[in-house]
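Step one of this worksheet: look at the structure below.
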Amino acid sequence: MTSRAAADATPAAPRADRPSEHRPVPPGEVQAEPDATGSFTPTLYDVSRDLRRDVAAVELPLDLEGRDDAEASRLRLLDQLDQHLLPRLRELSAPAVVVVAGSTGAGKSTLYNSVLRREVSPAGVLRPTTREPVYAHHPLDADVVPDAPVTRISRVVPHDEVPRGVALLDAPDLDSLEDANRATAKQLLEGADLWLFVTTAARYGDALPWQTLELATERGASVAMVLNRVPRDSLATIRADLLQRLRDHGMANTPLFVVPDLGPHEGLLDDEVVAPVRRWLRLLAGPERSRSVILRTLQGSLDALPGWVSRVEDAVEHQVEAAAAIRRRLDAATPALEDAARARVRSGATVGGGVSGAWAQLTHARTDNVRVKSGVARSSKRAGRKRDDALGVVLDALTGSVREVLVATAADAERTVRDLLTGPDAPSGGRAVAVGLADTVHEDRRTDAARTQVDAWAERGTTAAQALPGDRAAAARTAFGTRGLAALLLLSAAGLDDADRVLARVVGPDVEEPVAALRSDLADRSAATAGDVAHAVTDSLRGGPYDEAAPAALRLRRAEIARLTRHARVARAASRTEEAR
């Protein structure tokens, strides 16, 4: 087997010990082409490998129009790269893989065994018969049978009836009742160099054969067809109809083999019935002809790649554009969210209910309990400690109330953002973002964020109480304690009028600036709480699949593939011209 390292270094050369057959090729059958192995450089393998990495990394999280089709294209592209292109580019000397495929009961396994003159793959009336794929190759090709996806999932069998340079692969039914069989059949077809599709006179008009053949044409695979069990009295009519269908599907040059209906029988078909198929397989054999099939399908797959990549690239660009549109919509709505949040705290929403009740229960923080002489509070430290403790209870009620208001502000902002993403004029992809909104701004996160904001605001109140200048402020700290004075500042900033009156009496005008700063700070924190909801969503729509540079890697790989395949075609044309001379 050719090693991967060797294949990376240089394209595999044809084996010198293989017999070369120079026979005339019947019209309509696969034509042999010159060996153009050298056209497919190691660079092409490297670029295809890079393309596979970039395609695998693509994410299409927004549910945009055409997203599902683009995702199907992406997965199909990965299948092409994994099952056929990369293994074939890595092991050009491996036999040409001919996959025998078809629908249930088409007689694939019987035809397969008859071509090999021995029952290698189980055949019978029970369905499904082919559960394990069988990969048959000539014994002398054993050293070039690759370690590839098609061989890893198949039973590999050496067999003298398989022509040199060809591997014959019996696949499960394409329409098997078992999901695993259908998936395996699809995987094997993706890994094939040539599809030998088997259908019957009764079922050749079904949708499945033509859907399958369209997939083959789309990826540039070489195809041949076997029409099985054709009644002799209508053979000419059915054959003509099928040939016309092939022409209508752009497959006029597809080799067609007709097997007449032999009635009930068991075992292998007569040699004369399968002789055309066996002869055609021999025509594919030999280093030149089998390599020609390999390169033609490889070239077809490479030619199809830019179109597939372009579809995925377009889908990525749509994701980027949609994410940018959602971000713009949220950015435009954020100022209104922030203004509403500021207005909420400035209206005194944080000092209602529990805070007012806690203040009403105070006995030691009332103005009549603090003597003021010449504008200076007169109090013992012991009385100050009692007021500090009492005001601490009110401060706890205040911080709890502010925390609840901030959590409610975040919840309201979330509802507004959700309505914006899912409403009648919602931007494309908005609903997909709204689905993840609960995770982006989870209730626990809202609560933690609110607690952090309140703790920082309360700390700033303590700092302001400590920093108040002058004798009056110093006396107020003695009369109420630092925490008590901070509580009065914070209560005043939150909108409690009683706290305003106490501060005006014991501190005077020096308190107005720090209270205004604390009031503004609380409004800003409330606005940030609302804004953070929108920002969390916009931040989730940056980078990764929404990065403006996301399509660039695919665009680069597409250009490289197109350039290298053009170069390969030029090289093949030059080779043919040189031979003609």
Counting distance only, does the side-chain N/O of Thr151 pair as donor-acceptor with the main-chain N or O of Ala148 below 3.5 Å? yes

Does the Trp308 side chain pair with the main chain of Arg74, one donor and one acceptor, at a distance under 3.5 Å? no

With sequence neighbours left out, write down each residue that passes side chain to side chain contact (heavy atoms under 4.5 Å, CB included) with Ala432, or none if nothing qualifies. Leu62, Asp63

Would you call Glu321 and Arg327 a salt bridge, taking side-chain N to carboxylate O under 4.0 Å as the test? no

Enter the distance from Leu169:CG to Ser154:OG here, rounded to the nearest 0.5 Å. 4.5 Å

Just by distance, do the side chain of Asn113 and the backbone of Val120 share a donor-acceptor pair under 3.5 Å? yes

Output yes when Asp193 and Arg296 qualify as a salt bridge under the 4.0 Å nitrogen-oxygen rule, no when they do not. no

In chain order, what residues pass the ring-ring contact (aromatic ring centres under 6.0 Å, His included) check against His159, with sequence neighbours excluded? none

Can you spot which of Glu313, Arg53, Arg52 makes a side chain to side chain contact (heavy atoms under 4.5 Å, CB included) with Arg557? Arg53

Please identify each residue that fulfils ring-ring contact (aromatic ring centres under 6.0 Å, His included) with Trp210, with sequence neighbours left out. His249

Are Arg278 and Glu272 within salt-bridge range, i.e. N to O under 4.0 Å? no

Give a yes-or-no answer on whether the side chains of Asp170 and Ser109 include a donor-acceptor pair shorter than 3.5 Å. yes

Side chain to side chain contact (heavy atoms under 4.5 Å, CB included) between Val259 and Leu227: does it pass, once the steps are laid out? CA-CA 6 Å; Val259 177; Leu227 182 62; over 6 Å; no

Does Asp173 pair with Arg182 as a salt bridge, N-O distance under 4.0 Å? no

Taking only residues two or more places apart in sequence or in another chain, which ones pass side chain to side chain donor-acceptor pair (under 3.5 Å) with Arg542? none

Under-4.0 Å salt bridge between Asp271 and Arg117: yes

Any carboxylate oxygen within less than 4.0 angstrom of a Lys/Arg side-chain nitrogen, looking at Arg203 and Asp206? yes

Just checking, is any N or O donor in the side chain of Glu190 or Gln80 under 3.5 Å from an acceptor N or O on the other one? no

Quick one: does Leu188's side chain get under 4.5 Å of Pro172's, heavy atoms only? yes

Taking the basic N atoms (NZ, or NE/NH1/NH2) and the acidic carboxylate oxygens, is any pair closer than 4.0 Å for Arg232 and Asp261? no

Sequence neighbours excluded and cut-off under 3.5 Å, please list the side-chain donor-acceptor pairs for residues 234-242, or say none.
unit_1: Asp241; atom_1: OD2; unit_2: Tyr204; atom_2: OH; d: 2.5
unit_1: Asp241; atom_1: OD2; unit_2: Arg245; atom_2: NE; d: 3.1

Output every pair passing side-chain hydrogen bond (donor to acceptor under 3.5 Å, both in side chains) with a member in residues 418-431, not counting sequence neighbours, ordered by first then second residue. Glu414-Arg418

